[in-house]
Protein chains: 2
Amino acid sequence: MSGTAADKLADDLARAIIEGVFPPGARLDEQQLAQRYAVSRTPVREALRQLATTGLIEVRPRRGAIVTQVTPAQLEELFVAMAELEATCARLAALSMAPTERRRLQDLHETMGEMAAANDVAGFTDANQALHTLIYAGAHNVVLADWAAATRRRLSPFRRAQFRVEGRLPKSHSEHDAVVRAILQADAHAAHAAMLHHVTRVERSFEELCAESAASASA
Amino acid sequence: MSGTAADKLADDLARAIIEGVFPPGARLDEQQLAQRYAVSRTPVREALRQLATTGLIEVRPRRGAIVTQVTPAQLEELFVAMAELEATCARLAALSMAPTERRRLQDLHETMGEMAAANDVAGFTDANQALHTLIYAGAHNVVLADWAAATRRRLSPFRRAQFRVEGRLPKSHSEHDAVVRAILQADAHAAHAAMLHHVTRVERSFEELCAESAASASA
DNA sequence: GAATCGTGAATTGCATGCAAGATTTCACTT
DNA sequence: AAGTGAAATCTTGCATGCAATTCACGATTC
């Protein structure tokens with residue numbers, strides 16, 4: 001075993017929370033978690049502390065830990081932060097990507113074009129993640145890349161269904177096209193604007209999904 | 001007592017590390033810390049886990065915790081991330097600051113002009129912090145503001161001596177002037193550019209200080 | 001009948017104890 | 001004398017136990 005039990009626990013719990021096993025507001029009982037994962041309360045407590053600093057949960061002193069409830073307003077702020085951060089990465093990538101990186105970006109983008117044409121949702125989703133990660137890396141700044149990856153993970157539960165919206169794949173690809181072209185041309189300002197536009201569209205798509213499901217739920 | 005011992009410990013340790021009590025690379029022995037703060041190892045461990053997730057220290061499984069060593073390259077990346085983040089906040093602030101906020105920004109900026117003229121280094125340093133915090137808040141995005149504040153704190157040890165450089169106060173104030181004016185005029189692009197310029201200048205000022213002290217050390 | 005106070009249970013916070021892995025030291029070999 | 005090996009020691013990781021605080025429920029009073 002490489003990591004400690006607390007680390008593994010923090011990982012598992014984070015995934016479980018992101019996947020919705022523990023819904024927002026749910027109480028995280030130390031003893032229950034200890035039993036569930038067959039460890040004592042000590043590593044559980046350490047894992048909870050770690051998750052608390054990431055903002056995934058809240059530990060009220062002497063009052064236990066609960067999964068953080070993100071209000072719609074906070075979610076909006078997270079999306080805005082994500083968009084700004086990705087746009088910044090795109091801007092820096094346009095300025096400082098190496099030729100090899102640019103070629104790989106172009107290759108992946110073209111592959112995704114074929115996937116979009118074939119309506120390969122699963123493949124496109126994976127490749128999409130890879131594309132964005134490639135751009136984070138292209139900014140050549142570990143601090144920004146780490147934060148972008150963390151924020152993306154944090155938002156993932158709210159974006160999962162996004163590509164299932166009818167016709168989103170080709171639209172997403174054409175938005176990517178503007179981003180990729182700007183980066184390849186080293187046009188920092190255009191890369192920033194195109195990425196901001198793209199991520200904002202993703203956000204709007206998500207909001208429409210929410211409105212839809214809310215409407216169908218009340219119907 | 002409001003918080004738990006672990007929280008207080010995490011706070012104290014963070015401050016101590018930032019202040020240089022524990023230099024980068026220093027080993028953080030659980031027992032020693034427990035004795036030093038008159039608690040048992042358990043809260044110490046919890047505090048260390050918290051600090052580890054903030055990046056201030058590193059805990060190698062089964063091999064103890066050490067204060068994170070920032071290489072010059074990483075420091076450079078931190079400065080770049082800070083600059084981009086502040087520029088983003090300035091851009092958003094230009095777009096979404098309320099009239100009250102804009103007036104407060106202008107007032108503070110004018111006060112700082114007087115301080116710069118009087119060469120009041122201490123006052124200017126404090127006001128500088130307040131000015132930047134005002135701009136973070138003006139972005140109306142808690143996520144970005146939190147991250148900006150955290151990064152700023154993280155960099156604070158490397159920037160402390162910055163205003164002692166001869167003639168930096170008026171220069172800093174004139175750079176602020178471009179930022180504040182752009183924000184007040186709701187010119188998002190100019191605000192972004194001006195803030196990027198300002199923070200980059202701060203960074204260069206720091207690098208010169210480094211070079212200077214390195215030169216005097218080897219002389 | 002509602003509100004408040006008190007008591008009990010339950011849960012968190014911290015200390016301690018023990019086991020497993022890592023580091024150091026010392027002896028032995030080459 | 002230097003390098004390798006193993007044993008001793010030290011440190012971390014985890015389990016358990018106890019004290020303190022909080023929450024819930026019920027009794028009592030207005």
Side-chain angles (χ1 to χ4, degrees), chain A residues 1-18 20-71, chain B residues 1-18 20-71:
Chain A
M1 199 79 73
S2 59
T4 70
D7 283 325
K8 219 167 73 63
L9 258 180
D11 249 38
D12 278 3
L13 281 177
R15 194 168 14 246
I17 291 172
I18 288 174
V21 178
F22 299 101
R27 212 153 162 294
L28 296 171
D29 187 83
E30 293 180 2
Q31 290 194 39
Q32 284 180 15
L33 291 175
Q35 281 196 340
R36 182 178 179 134
Y37 288 94
V39 291
S40 83
R41 280 176 48 221
T42 307
V44 172
R45 284 178 60 79
E46 290 176 2
L48 290 180
R49 290 310 188 112
Q50 276 180 268
L51 293 179
T53 63
T54 71
L56 217 62
I57 70 173
E58 273 175 75
V59 295
R60 294 103 30 113
R62 299 240 167 228
R63 301 191 55 205
I66 60 171
V67 178
T68 303
Q69 313 208 33
V70 288
T71 67
Chain B
M1 199 80 71
S2 59
T4 70
D7 283 325
K8 218 167 74 64
L9 259 179
D11 250 37
D12 279 3
L13 281 177
R15 194 170 9 248
I17 291 172
I18 288 174
V21 178
F22 300 102
R27 213 156 161 296
L28 296 171
D29 188 82
E30 293 180 1
Q31 291 195 35
Q32 285 180 15
L33 292 175
Q35 280 196 340
R36 184 180 177 129
Y37 288 94
V39 292
S40 82
R41 280 177 47 222
T42 306
V44 172
R45 285 179 57 80
E46 291 175 1
L48 290 181
R49 290 310 189 114
Q50 276 180 266
L51 294 181
T53 64
T54 70
L56 218 62
I57 71 174
E58 272 175 75
V59 295
R60 294 101 33 110
R62 298 231 165 239
R63 301 191 55 205
I66 60 170
V67 178
T68 302
Q69 315 208 32
V70 288
T71 67

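Residue numbers begin at 1 in each chain, while the letters A, B, ... track the order of the sequences.
- Under the 4.5 Å side-chain criterion, counting only non-hydrogen atoms from C-beta, A:L9 is not in contact with A:R45.
- Atoms CZ (B:R45) and C1' (D:dT12) sit 6 Å apart, rounded to a whole Å.
- Atom CD of A:E46 and atom P of C:dC14 are 13 Å apart (whole Å).
- Each side-chain hydrogen bond (donor to acceptor under 3.5 Å, both in side chains) pair with one or both residues in residues 53-62 of chain B, not counting sequence neighbours, appears once here: A:T53-B:T53.
- In this entry the distance linking CG of B:L28 with C1' of D:dG13 reads 17 Å, nearest Å.
- Ion pairing between a basic and an acidic side chain is recognised when a charged N comes within 4.0 Å of a carboxylate O; B:R15 and B:D12 show such pairing.
- Of the side-chain N and O atoms in B:R63, none sit less than 4.0 angstrom from OP1 or OP2 of C:dG21.
- Taking atom CD on A:E30 and atom P on D:dA15, their separation rounds to 13 Å, with Å as the unit.
- Atom CG in B:L9 sits roughly 10 Å away from atom P in C:dA15 (whole-Å rounding).
- With distances taken from any side-chain atom of A:D29 to the nucleotides C:dC14, D:dG13, C:dT12, the minimum falls on C:dT12.
- Taking atom CZ on B:R60 and atom C1' on D:dG13, their separation rounds to 15 Å, with Å as the unit.
- A heavy atom closer than 4.0 Å to some atom of DNA chain D occurs in A:V39, A:S40, A:R41, A:T42, A:P43, these being the qualifying members of residues 31-44 of chain A.
- Atom pair A:R27:CZ and C:dT11:P shows a separation of 7 Å (rounding to whole Å applied).
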### Query
Going through the checks in order, is the side-chain contact (heavy atoms from CB on, under 4.5 Å) test met by A:I57 and A:L13?
CA-CA 10 Å; A:I57 70 173; A:L13 281 177; over 6 Å; no
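- The CZ atom of B:R62 sits 6 Å away from the P atom of C:dG21 (whole-angstrom rounding).
- For the side chain to side chain contact (heavy atoms under 4.5 Å, CB included) criterion with B:L56, the lone passing option out of B:I17, B:V67, B:L48 is B:I17.
- Note that CZ of A:R49 is 11.0 Å distant from CG of B:L51, once rounded to the nearest 0.5 Å.
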